Amino acid sequence: MVAADPSRYHPSAIEAHWQHIWEREGLYRTPPPRPGERTFYALSMFPYPSGSLHMGHVRNYVITDVIARMQRLKGAAVLHPMGWDAFGLPAENAAIERGVDPADWTEANIRSMRDQLRSLGLSIDWDREVTTCHPDYYRWTQSLFLRLFARGLAYRKEAAVNWDPVDQTVLANEQVDAAGRSWRSGAQVERRLLRQWFLGITRYADGLLDDLERLQGWPERVRTMQANWIGRSRGAEIRFPLALPAEAGISVFTTRPDTLFGVTYLVLAPEHPMVDSLTSTDQAGAVEAFRAEMARSSARERTAEDRPKRGVALGGSVVHPLTRQAVPVWIADYVLPEYGTGAVMGVPAHDARDFAFASSHGLPVRVVISEDGQALADPPDGAYVGPGVLINSMGFDGVASAAAGPLITAALSAAGLGAEKVQYRLRDWLISRQRYWGCPIPIIHCQDCGAVPVPEEQLPVLLPRGVEIRARGGSPLASLEHWAAVDCPCCGKAARRETDTMDTFMCSSWYFLRYTDPRNSDSAFSSEAVNRWMGVDQYVGGVEHAILHLLYSRFLTRFLADQNLLQVREPFDRLLTQGMVQAITYRNPATRRYIAPAAVKDPTDPRDPETGEPLDTFFEKMSKSKHNGIDPNSVIERYGADTARMFILFKAPPEKDLEWDDADVEGQFRFLQRLWRQIDAFAAAGGRLDGQREDLAGIPARTLSPLDRDIRRATHVAIKEISQDLEDAYQFNTAVAELMKFSNALADLGKAQPAVQQEAVATLLILLAPFAPHLSEELWHRLHGPGSVHSQRWPSLDQDALSQDTIPLVIQVRGRTRGTIQVPGNADRATLESLALASDLAGKWLQGARPRRVIVVPGRLVNLVP
RNA sequence: GGGGGCAUGGCGGAAUCGGUAGACGCAGCGGACUUAAAAUCCGCAGGCCCAUAAGGGCUGUAAGGGUUCAAGUCCCUUUGCCCCCA
């Protein structure tokens, strides 16, 4: 308890006080769950330690904290940890720009962010903190890599990769945006051929796709996004031989084998190995020039749909597998080497992209499907992609297109020129990064033995300290001879370490497993601990991780389950994707410059402080460039963490975007002050929460005075509504509204009998505890409540307390509401009908007519239909 | 282009299985307290219309249509916005 000025609410005084006490007493240390005890794993996506907490973090962690606190009150053993996604480029960029050591920079950021997190009053067990850049963590990331390597799921291959010329590193496809720019540096990404490490996620594609259906606790749209990303399509692989009956040829994948007879050309990726042998001498120059140009542009650029499809004929041709006619071969920008077989068959009549390509290059269009089976009189003016009946297709004419695919595939199969095939959009996961500040890949390259794993007992392969990091020139580790030079663990000869580090998504794809057993030095986690806590009951984070982080985590969880290292195959049972925190933004429409809100004098008529021009206003995600960021520290300093928490929860439902509004923050602060005064008045009148409390549940509601009964009803309505709001869909906004209603209903609290007062106040403080943990704890102690408010039991609902002698009944006439009458709360249908018919409202609106039909909804309404 | 979602007062948002639309809050207005202001407390409040008033009527959930005793909620069409994939 804090002494100063007891009648006023001073959050700054009480919050630090209670944070200190909770920590000292270990209130939030995860209890070892007893046998049979219900466990609950509440997890927030751990942050990158950038050094400053922003409002998006606050929203994320407050949501998870409310859930964790509520589960504790409901008697569960709760795991609610926090950690740091601590490898990554910003630390390295800081090293380049300011010469600081990435490790020092990261540690300092973690310290300051940890302090900021503490000031929010989160019920986190800090003893379980996990930091991915610490050797005692990344030792196990390396071990995980070696497990994958041992099963052939980590492998090296030469690949055309996305090269970021600014950050001097390779990027995964997912890290390149639609405009072909790096997600981090914003640079135009180039394509290069490099030998890189990959993880075989495609081997798990079917399982990852099929099990999405079972993730009923995930938002539909996240599951859809993952399904699209995996992109399974069924079709056929078809071989176009160079000549018959020759063996060799070009294989294509198509989802439309039914259009095979419409093929008028073939297109290869410029990088396809067959390009040289199919290029005629007179086309050699044009082909070479085109390939050189393609090497400079990214995959996204090449396939962008709004630009013309460019290509060059090679001069050579292949043979159609069924018609045996010659098919000319082209190369074009829109075919990518790593996609399918790197070659597609061109069917301009039935594919929009092929039609566009054929039109601009004068290639013939051959219609083989028509809606009614009749041949078309005129050449089509666009591709027909719908179903129909085959024409011009040799023996397949008249067959429905849906049935034709398997028939044609079977014919090809018989000829040894094709087979059914399932194709995925998902690629294997490229994890090599030519950077310093990441987890070293524990591999040694030996002239004789090849890629040799570092023996498990030699892990971790420590990241060397004191390394000079330059802006350009690839991996800093590669030039570190004393580090890279080692003996081969197999043959003992001089060998060289792998100098690439891992994609940080690798580190963040298993951290939730480490939390269950964070200090284990013998293994990544014990099976006992991991199986006791996994899967995560509630995962909370931003929707920006809907694809990558969540898919990678699912993949590694499945892999470890296959290794019998854990029992669950899916890591996250329920997922909540919280909306962005937005703030008001001002922009001068003429200059397109953003104006800081502080510089705008009159928000009702916002004008440019320099020119006086009127400004556009809208809500956008907080960011430095838009000058609209709100610093959580300043909000906490001014109003306290409890107000910030309440505001964020109340202002919008958790999955929707939230518009920051200072006036609403103020309003929330006022509510907490009002609550404080309310409880203070109760205390001043001698109210306490210690000692034996009378059990009101046994006393029938009708024996209480009307006021006692009203207050009890408000108490139990609050229990019912708030429990419901926190049960299935997390509706924190309406839960806070119910707390306000409850408080408003206690205006005459002091006139109620002591037992009713005590029940109301204790209930109010316990229901409030997950939302405003400091305020509720302080008031609980002022009233001499036993122990901590956070160690109480969630109040249980007394149905009888909700009962009312009379309730309003809506009278409708012909479905239109005409008013209400008071009826006994327990009246049956017949009584309700006769009361409704006898009412003044019925008399007025029916004017003596007898209703033809009467609909009675007990407890709600009676509808009279004349 | 394909897939998914959303649209409710001046604003953020409520509304269980179709059953009094606008809970709760912000902003606003009126009153009390005060020398005054702030703070606090009490009250009003979707729109339009009638009435001196008490009160009453009509209308209203992007637009249009449908199902139903009853539609913000279900179905169809249109428009606008957002997200994902191309």
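The structure presented is a predicted model; accordingly, all values stated were derived computationally and were not measured. Each chain gets a letter, A, B and so on, in the order its sequence line appears, and its residues count up from 1.
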Among [options], which nucleotide has an atom closest to any side-chain atom of [X]?
| X | options | answer |
| --- | --- | --- |
| A:M740 | B:rG25, B:rU16, B:rA14 | B:rG25 |
| A:T224 | B:rG3, B:rU40, B:rA21 | B:rG3 |
| A:P653 | B:rA14, B:rU40, B:rG3 | B:rA14 |
| A:T734 | B:rA14, B:rU20, B:rC24 | B:rA14 |

task: Measure centre to centre between the rings of A:W660 and A:F647, then say whether the value is under 6.0 Å.
output: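 Ring centres of A:F647 and A:W660 closer than 6.0 Å.
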Name the atoms and distances for all side-chain donor-acceptor pairs under 3.5 Å in residues 799-814 of chain A, with sequence neighbours left out.
{"residue": "A:D800", "atom": "OD2", "partner": "A:A701", "partner atom": "N", "Å": "2.8"}
{"residue": "A:S803", "atom": "OG", "partner": "A:R709", "partner atom": "NH2", "Å": "3.4"}
{"residue": "A:S803", "atom": "OG", "partner": "A:D800", "partner atom": "O", "Å": "2.8"}
{"residue": "A:D805", "atom": "OD1", "partner": "A:R709", "partner atom": "NH1", "Å": "3.1"}
{"residue": "A:D805", "atom": "OD1", "partner": "A:R709", "partner atom": "NH2", "Å": "3.4"}
{"residue": "A:D805", "atom": "OD2", "partner": "A:R709", "partner atom": "NH1", "Å": "3.1"}
{"residue": "A:T806", "atom": "OG1", "partner": "A:Q822", "partner atom": "OE1", "Å": "3.0"}

field: Check: A:R645 side chain, A:V62 main-chain N or O, donor-acceptor pair, under 3.5 Å
entry: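 The answer is no, because no donor-acceptor pair under 3.5 Å joins these two groups.
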task: Look only at the side chain of A:T831 and the backbone of A:A827, and say whether a donor-acceptor pair between them is shorter than 3.5 Å.
output: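 The answer is no, because no donor-acceptor pair under 3.5 Å joins these two groups.
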message: Check this for me, if you would: do A:R232 and A:D206 make a salt bridge, where the nitrogen-to-carboxylate-oxygen distance has to be below 4.0 angstrom?
response: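 Salt bridge: yes.
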- prompt: Ion pair present between A:R712 and A:D798, side-chain N to carboxylate O less than 4.0 angstrom?
  reply: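 Yes, charged N to carboxylate O under 4.0 Å.
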Can you see if the side chain of [X] gets near the phosphate of [N] - specifically, an N or O under 4.0 Å from OP1 or OP2?
| X | N | result |
| --- | --- | --- |
| A:R674 | B:rU40 | no |
| A:N744 | B:rG25 | yes |
| A:K741 | B:rA23 | no |
| A:Q731 | B:rA15 | yes |

message: Just checking A:R574: does its CZ atom have more than 12 heavy atoms from other residues, nucleotides or ligands closer to it than 6.0 angstrom?
response: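 Correct, the count exceeds 12.
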query: Taking everything shown except A:E213 itself, do over 12 heavy atoms lie less than 6.0 Å from its CD?
result: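 Counting neighbours around CD of A:E213, 12 or fewer heavy atoms of other residues, nucleotides or ligands fall under 6.0 Å, so no.
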- request: Name the orientation of the base relative to the sugar in B:rC17: syn if the glycosidic angle is within 90° of 0, else anti.
  value: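 Because its glycosidic torsion lies within 90° of 0, B:rC17 adopts the syn conformation.
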message: Let's see if you get this right: which residues in residues 658-673 of chain A place a heavy atom under 4.0 Å from RNA chain B?
response: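 Heavy-atom cutoff 4.0 Å gives A:E659, A:A663, A:D664, A:G667, A:R670.
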task: Within residues 211-223 of chain A, find the residues that approach RNA chain B with a heavy atom at under 4.0 Å, and present them sorted by residue number.
output: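 Close to the strand are A:R221.
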Polar atom pairs between nucleotides 65-70 of chain B and protein, under 3.5 Å, N or O only, would you list them?
{"residue": "B:rC69", "atom": "OP1", "partner": "A:R853", "partner atom": "NH1", "Å": "2.9"}
{"residue": "B:rC69", "atom": "O2'", "partner": "A:N863", "partner atom": "ND2", "Å": "3.2"}
{"residue": "B:rC69", "atom": "O2", "partner": "A:N863", "partner atom": "ND2", "Å": "2.5"}

query: Within the structure shown, what part of the strands sits under 4.0 Å from A:P808 by heavy-atom distance: base, sugar-phosphate, or nothing?
result: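 Touches a base.
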task: Pull out every stem in RNA chain B, meaning runs of 3 or more consecutive Watson-Crick or G-U wobble pairs with both distances under 3.5 Å.
output: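 Detected stem regions: B:1-7 with B:79-85, B:10-12 with B:24-26, B:28-32 with B:40-44, B:46-50 with B:55-59, B:62-66 with B:74-78.
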message: Test of understanding: with ring-ring contact (aromatic ring centres under 6.0 Å, His included), list the residues that count as partners of A:F682, not counting sequence neighbours.
response: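 Listed in chain order: nothing, the list is empty.
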